[in-house]
Peer 1: 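Have a look at this one before I ask anything.
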Amino acid sequence: MSETPDEPVPRASDDPTLDDLDELSLEERASLTSGADMWRTTAAGDVVPAIRLGDGPHGIRRQPEEAGDALGLENSVPATCFPPAVALGSSWDTGLARRVGAALGREASALGVDVVLGPGINIKRSPLCGRNFEYFSEDPHLTGVMGAAVVAGIQSLGIGACVKHFAVNNQETDRMRVSADVDERTLREIYLAAFEHIVREAGPYAVMSSYNKINGVYASENHWLLTEVLRGEWGFDGLVVSDWGAVNDRVASLAAGLDLEMPPSRTDQDIVDAVRAGRLDEATVTRAAGRLRTLTRRVAAAERFDGWDVDAHHELAREAARGSLVLLKNEHDVLPLDLAAQRVAVVGELAQSPRYQGYGSSHVVPTKLDSAWEALRAAGPVTFAAGYRLDGAPDEPLKREAAEAAGASDVAVVFLGLPGDAVSEGFDRTSIDLPGVQVELLRAVARACPRVAVVLANGGVVSVAEWDAEADAILEAWLPGQAGGSAIADLLLGVASPSGRLTETIPNRLADVPSHLNFPGAEGHVAYGEGRYVGYRYHDTLGTDVAYPFGHGLTYTRFEYSGLDVRETGANEWAVECTVTNVGGRTASEVVQLYVAFDEDLPSRPCHELRGFAKVELEPGTGTQVTFAVTGRDIAWWSTARGGWRIDAGTFAVEVGASSRDIRLRAELTTPGDGYVDALGRMSTLGEWLDHPAGGPILRDRLGDRFTGMAESSPALFNLMRGIPLAKFRSFGIGLTPEVVDDLVAAVQ
Ligand code: GLC
């Protein structure tokens, strides 16, 4: 597999002049703002060629020309099914993600796809979301950095990437109508942040607007989202395409900044009529057509291939899966296995019928498919017992047979997981439990065998608390893609050490999830009542117990952290360095995580937030220095009042650790803030005036020491008065007449 060259990612060129679009009639320009069919855009003479869009985030789903069912979901030509984002994200490996992206770009090019509809970067607000397998994390920083790597990989060949679903598409229930009701600070800090990072850092050629509404306005008609924020603030210069069928009003969508409706609704005449009637500016139509033309020019420069090395891409899929699986526990070092010295029973139908991807628009027809059972059997003498039926129906003989096989073994490796239709686009789960028959099987095996290792195959987090005690080891394999079976065997046998880390908290119970009481909403609305407190931001701020925390993952060795050094490198800029050493006996990788932390009695923000990570592979006995840059934005919060990011003066800490709950090093820092002070006015309180760097002296000068004595003599009265807006004092006869207050406001401004 050729490494992608390190040349800069081809960024969107300057927005071109629209000169030669003038050759096109209004009708032709209007036709460019809608597709030609399910997957292709419209051509216009020799000015704008047609290009092809195609799913999906972890493999190319290219329907043969003659196919194309109504929803465009059935059969497609074979392509590599890489690990979906739930797994790839768990690798915390940007280099790997970029190489997978480049391989996707290569296969897209070979299959005649010009724009890949991915990566999907929505935040995992609830583990119940049916499409969580297509998304990276509960954390926007991790999502943004990993998503940017995939985009950079795809676009390294000139093929376009289309990040989705913009925005706040965190459930499948009622996704085409529901309004995600969310405050702006939560939007900015959690649900938009990954899109912002990717737009600014990786320059995706396209963004896909989501089906849902945001605070009552459809994303595809949301001018604030698609024009003011995406383009005005973040500088996006690509094309906005709708999710398939997400446009409800062509004119409103174009006016909001959506450029391309997919698939076509055959309503171009509405556009022409609206322009002719003065309801839509013709320049808006020309601008959208121009963005399509720009996209066609960008992808026209893509390298074209007539195929790819199928085995090499399969090996990359295996490497990606190996780097993504998460070892949750490993008591008595039951893993790795030693087939030469141990009798090993492989239990569970999923070992030979691999669960490796989810259902829906991301579904890929794989070029190959590995099973863990075949890979283990090829490595040495192991026995097999199905243990349960995939349809979830109880089967006592199967269970008994598995218990007997386990009873004749030193170690039983039990493959458990979710039914095939549990993780899918279009609907959400209602539970995070494993099928009951599988838990029963595990208990039967645990009664019969001294050592038990569980391997999980699931696209969304499952609760483990109910049966964790039955397992000495748990390897979370997510949906590991077409080569996942071999990767699982590689890790079970110690060919490589597990190196994945959780990108989503595993709660003890569904009821512990912060969004639980507000998911999935009702009557067309879902309230994001938990605000910014998603995942570890909630659990760590409140100190709630979880099964396995964000960032957690074991390896077959141990790492030590030392030598934390923090240097100020500029105004609100720091360099953070530390040394990580492999003090165990096996080569393995560590994911060093950096959090910024805020210690507050009454939380006004999450107690800590991920702001950096680095994955390092180390031989036994060796160490390396890891460096992070911390910027003002890393410690800023979004002020709705200010309409921008704010940095408060004060102290904070940088934490370096192996997970959100395994902090190894910590340093306290101070920041002067960003110098922003709130403007004072008539309705600013006495306390805000007295605490204000400019307002305080002016007020004291005007009112003398009227309040000084009070703070000592009657602190309760003083505190009560601090909370009163200045304009309200006019009835208290202390000299703060409306005229005096107006003078004060004039003076401080
Ligand atoms: C689907 C999905 C989107 C996909 C598109 C095309 O409804 O929401 O992710 O890319 O339609 O299949």
Side-chain angles (χ1 to χ4, degrees), residues 34-41 51-64 67-77 79 81-82 84-86 104 108 111 113-124 129-136 143 147 150-151 154 159-178 180 194-195 198 204-214 218-220 238-248 258 260-265 295 357-365 423-428 459:
S34 182
D37 59 28
M38 184 63 82
W39 302 115
R40 275 176 304 191
T41 62
I51 59 173
R52 177 181 287 272
L53 315 176
D55 291 316
H58 48 264
I60 303 304
R61 183 168 72 87
R62 168 77 155 82
Q63 293 195 302
D69 54 287
L71 287 180
L73 284 181
E74 295 313 318
N75 79 334
S76 55
V77 299
C81 180
F82 290 100
V86 63
L104 282 171
L111 293 174
V113 171
D114 301 295
V115 178
V116 176
L117 299 173
I121 60 169
N122 293 104
I123 294 300
K124 304 190 192 202
C129 174
R131 287 186 91 171
N132 273 359
F133 72 97
E134 286 189 63
Y135 304 148
F136 290 94
T143 299
V150 172
V151 168
I154 292 171
I159 294 293
C162 177
V163 284
K164 65 187 186 182
H165 307 87
F166 191 55
V168 210
N169 181 187
N170 308 102
Q171 65 187 59
E172 292 302 286
T173 305
D174 201 18
R175 64 171 170 164
M176 296 190 182
R177 301 176 310 183
V178 74
F195 287 96
I198 293 173
Y205 290 3
V207 167
M208 181 189 289
S209 66
S210 59
Y211 286 119
N212 55 282
K213 297 173 190 163
I214 300 155
Y218 280 109
S220 55
L239 172 132
V240 176
V241 59
S242 72
D243 199 340
W244 265 233
V247 170
N248 302 292
L258 182 127
L260 175 63
E261 171 204 44
M262 289 300 286
S265 58
L295 178 59
Q357 64 173 324
Y359 185 70
S361 60
S362 69
H363 194 81
V364 183
V365 173
V423 277
S424 169
E425 177 179 342
F427 54 89
D428 297 320

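Remember, it's 1-based here, ligands and their atoms both numbered in the order they're listed. No experiment lies behind these values; they were computed from the predicted model shown. These values consider heavy atoms only, across backbone and side chains, with no hydrogens, waters or symmetry-generated copies.
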Peer 1: Are any of the N/O atoms in Asp55 less than 3.5 Å from those in ligand 1?
Peer 2: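 Checking ligand 1 against Asp55, an N or O pair does fall under 3.5 Å apart.
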Peer 1: For Asp428 and Thr173, test the side chains for any donor-to-acceptor distance below 3.5 angstrom and give the result as yes or no.
Peer 2: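 Yes, because at least one side-chain N or O of Asp428 sits under 3.5 Å from a partner of the opposite role on Thr173.
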Peer 1: If hydrogens are left out, which of Glu425, Glu172, His165 has an atom nearest to atom 9 (O) of ligand 1, that is, the closest non-hydrogen atom?
Peer 2: His165
Peer 1: Mind checking ring-ring contact (aromatic ring centres under 6.0 Å, His included) for Tyr359 and listing every partner two or more places apart, or none if nothing turns up?
Peer 2: His363
Peer 1: Met262: heavy atom below 4.0 Å from ligand 1, yes or no?
Peer 2: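 Met262: no contact with ligand 1 (<4.0 Å).
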Peer 1: Consider only side-chain N and O atoms of His165 and Arg175, and report whether a donor and an acceptor are under 3.5 Å apart.
Peer 2: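 No, no side-chain donor-acceptor contact under 3.5 Å.
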Peer 1: Check each atom of ligand 1 against the heavy atoms of Met208 and keep those under 4.0 Å away; list them by number with element.
Peer 2: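 Here the atoms of ligand 1 in question are 10 (O).
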Peer 1: For ligand 1, which atoms, with element, lie under 4.0 Å from some heavy atom of Lys164?
Peer 2: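 Taking each heavy atom of Lys164 in turn, ligand 1 has 3 (C), 4 (C), 9 (O), 10 (O) under 4.0 Å.
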Peer 1: Test of understanding: given a 4.0 Å heavy-atom threshold, classify the contact between Glu134 and ligand 1 as side chain, backbone, both, or neither.
Peer 2: neither
Peer 1: Measure from NZ or CZ of Lys124 to the centre of the six-membered ring of Tyr135 and say whether it is under 6.0 Å with the direction within 45° of the ring axis.
Peer 2: no
Peer 1: Can Leu258 and Tyr218 be said to form a side-chain contact (heavy atoms from CB on, under 4.5 Å), step by step?
Peer 2: CA-CA 11 Å; Leu258 182 127; Tyr218 280 109; over 6 Å; no
Peer 1: Quick one: ring-ring contact (aromatic ring centres under 6.0 Å, His included) partners of Phe195, sequence neighbours excluded?
Peer 2: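 Checked Phe195 against ring-ring contact (aromatic ring centres under 6.0 Å, His included); matches are Phe166.
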Peer 1: Output yes when Asp37 and Arg52 qualify as a salt bridge under the 4.0 Å nitrogen-oxygen rule, no when they do not.
Peer 2: no
Peer 1: Under a 4.0 angstrom heavy-atom cut-off, which atoms of ligand 1 come close to Arg175?
Peer 2: 7 (O), 8 (O)
Peer 1: Relative to the heavy atoms of Tyr211, which atoms of ligand 1 are at a distance of less than 4.0 Å?
Peer 2: 1 (C), 7 (O), 8 (O)
Peer 1: Please identify which atoms of ligand 1 are closer than 4.0 Å to at least one heavy atom of Trp39.
Peer 2: 6 (C), 12 (O)
Peer 1: Looking only at heavy atoms, is any part of His363 under 4.0 Å from ligand 1, and if so is it the side chain, the backbone, or both, or is it neither?
Peer 2: neither
Peer 1: Using a strict cut-off of 4.0 Å, indicate which atoms of ligand 1 neighbour a heavy atom of Arg61.
Peer 2: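 Those of ligand 1 that fall under 4.0 Å from Arg61 are 12 (O).
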Peer 1: Flag the pair Ile51 / Val115 as yes when at least one side-chain heavy-atom distance between them is below 4.5 Å, and no otherwise.
Peer 2: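 Contact flag for Ile51/Val115 side chains = yes.
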Peer 1: Which ligand 1 atoms does Leu117 reach within 4.0 Å, using its non-hydrogen atoms?
Peer 2: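 In order of numbering, the contacting atoms are 10 (O).
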